[in-house]
Amino acid sequence: MAHSQTGDLEMSAITTELRSTTAGLSGHLLKRLFVQARPFLSLAIVILALWAAYRTVSTIEIANIVEQFQALPLRSVLLAFLITGLCYLITTGYEVVALHHISHPLPYRRVALASCLADAFGSNLGFVLITGGAIRYRIYAQAGLSALDIASVTTMYSFTSSLGVAFIVALAMLFGTPSASALPMPEDLRLALGILVLGSIAAYVVVPAIRPVTIQMPFWSLRLPSARTAAAQVLLGALDMMLMSAVIYVLLPTNIGTDFFAYLGVFAAALVAGVISHVPGGIGVFESVMLLGLPEVPAASLLSAILMFRCIYYFVPLSLAAIVLAAYELSLQHAHISRAEDTAMEWVRDIGPQVMAAIVLLAGVVLLFSCAVPASPERLALMEKFVPLPVLEASHMIAGGAGVGLIIFARGLTRRLTAEHKYSIWLLAIGVVALLLKSLNIEGAVILAMVLAVLWIMRPEFQRQESSINKGSAAEWAPTLTTILAVTVWLGMFSYKHIPTPHAFWWHLAYDAELPRFLRTTMAILAVAAGITFVKLLRRVPPPDLPDAMMLAQARRIAEDDPDPRAHLALLGDKRFLFSESGHACIMYGVKSTSWVTLGDPIGTRQEHERLIHAFYDLCESYGGAAIFYLIDAANLPVYVDLGLSVLKVGEEARIALDRFTLRGAKRAELRDLHARLRTQHLRLSIANSKDVPRLIPELKAVSDDWLAHTRRTEHGFSRGFFDPAYISNFPCAVVRNDKHILAFATLLVGAHLEEVRLDLIRHRHDAPAGIVEFLVLELMLNGRSRERHWWSWRGRKGQPGYGHINLGLLPLADVEERTLAALWKDFGALLFSQYFGDGDSYRRFVESLNPAYQPKYIALPRILNTPGILRDIAGLVGRAA
């Protein structure tokens, strides 16, 4: 009986553990689904649009569309190419106007390059993987533009395009035919809305002519362009949108049954719907709105015109870019042109991976669509003679699987990952063979072979030895993949809609049984895609807990070997850590709301920084957080841009070389007088090394409590130390005394190799003499110049004394950037700099009197327009409200 009870208890324990594990997996999966479900909302829009389009074209055959496509007049096609060229020419004006608005004009050649490439790979294609801002950063940064300038250009570009769409909507409402199906609303309402939109555009132009306008909002300010700039934006945007719509219009039959203004309204609605859906290029959604809005146009003619439009406006520019990249890479390899000497085409190497990611994604689309479109009977008859049926059947599924893989790996190419490059090469090669074996698709095989050749030539650009296959988030590629799969299914259903599908028909094997083959291939592809997505969602990600003693000890070892003194802020215990695989580097970060904020770049071994940045980005996406990299240096900016992040300058750190510091000279007279005055009051500075700090804790705490009480401030954290005996006992401490008491102190963070010291926690008594903080800093620098009292002795280490730098911390933005973000920095700046002097202005004046060297600091974030919310989250972390 006892044995039975013991067995029952063991079985109960096992059952409880299994239930707990199952519940944990279920809860984890539900959490991941909830976090990553938002990008899939666009899929619902796509499905609704495809369903509406399917009902509209249910009476026509794909052969009719192909026939109409082939019958397009050569004159119309050439005219469409000409109009497309004019569109790209006009969009260069977008850039010129934006650059003049920020008072930073550039040579037109460079502007045209940035505009055309950003337009082709950003705005027009709409791929999440390819951003116009990243391309502009690559090109404009070499011309001396700051990250804030480039962000302003990108924002103005988008707004100019929006003005163009609004203008043609207003024209359609005012001058389109009242019965136009594109505007199903009462005529009075339609005219009123048209007047309202046109009036708003006119106000945008006229009001700045009367007086300059700056829109002030909490944490944000925006200076509107001048009347001249605004008028140029409206003119360029409207002309560009009208010409873009004309590309399709000239490809339509001569008499389409609706006037041009009504057609403009439909085109604008289709563009807006495509943008709202977040689908790459608005594929499926754009076509559906055009079909619904223009029922009087024969569906086959309209779809063939849109197909030609996508070839001319999207595919041709991408192909030209690929050819340019291939030619340039070959010239480097065969002509032995030195990279240091050949800077004219440096931008090509920078943006090449982004371009290739888009082209590889399109190659995946080609493979998937080839599985949904029937082959010609002549080619099938030829295949029957030379290719066994099992090989043909397998080739269909292999082609579809290769297409899925290329879409997934495209994201890794933007990160220059070696593994994704290698896998893409293999999948392209497999795709070429599969296209030839499944339907003798020579055209598709040639396209894939060209992509394969360019990707192979560009292999030196993919040198990051990591893979996102096991670490990446499904949210990176799943929405794009599911959307393309939905369009593929729709295309197959449309192609075979005239063939009945009884249950047994699914398993019918024959050379001419293409519908069953499509159904089997589709089910296999969907199963593979769903399996991959499910595994990615189910994969458990370590929860980001606060560090334990072991993690803090590991972070301490990393910080002690890092030359940046800020690394020691890891010992505060208020941040989480993401360690590298070797454990020799880490990222420290905090979480506030949906913002996952790092403190600076990774610390530790430099060779592991890039991989850690990517790993942190993947971790944030796994939990649905926004990756924010705060107080980063310029060295790693290209890595953040490759992730699709926007970069803004947030301030400058002041560093002073002690071997050149002196109080002599007329410019330092005021500082010299202050220093001498406090010296006469018997104030002296001493340095207590970390071993001596614990015995000073009671006196230091009394000073700190007095400061907090009389300034009515609370402790900060995250990017600044707070008073905690366990924390401050790790570092040397600069102490200012009179004959009896400690009046002020500052903890000192010292970097590895004893090259730099940073002021951290500064406190003083309320009754201390005025200027005591300035005195502390001046004494610290004078002592630092003294070889016998240099920093190596403060750390209690043996070593050769020498000169170094003192880092006085982050200063707020100045000049143009300060004015641009003045309202945004008003409260946030006060929070950052109040620890020193009470406000940022007085601190800046003191620091500038010391003639420091400035090191810019940046923030990399996903969406520029969400900067105010992100800064509020950072302020919450600094204020220890996390």
Side-chain angles (χ1 to χ4, degrees), residues 53 56-57 60 64-91 119-120 123-124 126 161 163-184 190 194 235-275 281-317:
T56 304
V57 300
I60 65 173
N64 301 132
I65 300 175
V66 175
E67 182 181 350
Q68 291 289 335
F69 182 83
Q70 295 173 344
L72 287 171
L74 179 61
R75 180 180 178 181
S76 298
V77 174
L78 293 177
L79 183 57
F81 271 107
L82 176 61
I83 296 173
T84 298
L86 290 175
C87 287
Y88 275 85
L89 178 63
I90 290 172
T91 55
D119 192 30
S123 302
N124 286 346
S161 179
L163 285 172
V165 174
F167 188 82
I168 64 174
V169 168
L171 290 182
M173 289 182 174
L174 292 175
F175 303 109
T177 55
S179 60
S181 57
L183 303 169
R190 181 171 57 84
L235 178 62
L236 290 171
L239 188 57
D240 178 38
M241 289 298 117
M242 292 181 71
L243 286 175
M244 185 179 178
S245 67
V247 176
I248 297 178
Y249 194 78
V250 300
L251 296 170
L252 294 174
T254 306
N255 298 315
I256 63 172
T258 187
D259 62 86
F260 182 70
F261 289 110
Y263 164 80
L264 275 180
V266 179
F267 181 82
L271 279 181
V272 173
V275 171
I283 186 170
V285 178
F286 178 86
E287 286 80 358
S288 300
V289 175
M290 292 290 286
L291 286 169
L292 294 173
L294 298 171
E296 59 275 7
V297 181
S301 300
L302 181 56
L303 288 175
S304 64
I306 294 175
L307 180 60
M308 180 60 74
F309 164 74
R310 289 196 177 275
C311 291
I312 295 173
Y313 207 89
Y314 295 155
F315 186 71
V316 171

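Since we're looking at a predicted model, the values are computed, not measured.
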**Request:** Kindly indicate, with the supporting measurements, whether the criterion side-chain contact (heavy atoms from CB on, under 4.5 Å) is fulfilled by Leu264 and Tyr249.
**Result:** CA-CA 9 Å; Leu264 275 180; Tyr249 194 78; over 6 Å; no
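The two residues Leu72 and Ser304 come nearest to each other via the heavy atoms CD1-O, 4.1 Å. Here the closest non-hydrogen pair linking Tyr263 and Ser245 is OH-O, 2.7 Å. Contact detail for Ala270 and Phe286: the closest heavy-atom pair is CB-CD1, 3.4 Å. Met241 approaches Ser161 most closely through the heavy-atom pair CE-OG, 3.7 Å. Summarising the geometry of Ala80 relative to Ile312, their closest heavy-atom pair is CB-CD1, 3.7 Å, with the distance given to 0.1 Å.
We find the CD1-CG distance between Ile168 and Leu163 to be 12.0 Å, quoted to the nearest 0.5 Å. Expressed to the nearest 0.5 Å, how far CG of Leu89 lies from CG of Asp240 amounts to 10.0 Å. Interatomic distance, Leu74 CG to Leu79 CG, rounded to the nearest 0.5 Å: 11.0 Å.
Taking 4.5 Å as the limit, every side-chain heavy atom of Phe81 sits out of range of all side-chain heavy atoms of Val247. Between Thr84 and Met244, the closest side-chain pair of non-hydrogen atoms is not below 4.5 Å. Put simply, the side chain of Met290 does not reach to within 4.5 Å of the side chain of Leu303, judged on heavy atoms. Side-chain contact between Ser76 and Met308 is absent, with no heavy-atom pair separated by less than 4.5 Å.
Partners of Ala238 under the side-chain contact (heavy atoms from CB on, under 4.5 Å) rule, at least two apart in sequence or in another chain, are Phe167. The side-chain contact (heavy atoms from CB on, under 4.5 Å) search around Leu236 returns Ile90, Tyr94, Val97, not counting sequence neighbours. With sequence neighbours excluded, the residues that form a side-chain contact (heavy atoms from CB on, under 4.5 Å) with Ala170 are Val197, Leu198.
The closest donor-acceptor contact from the side chain of Tyr88 to the backbone of Ile83 lies at 3.5 Å or more, if one exists at all.
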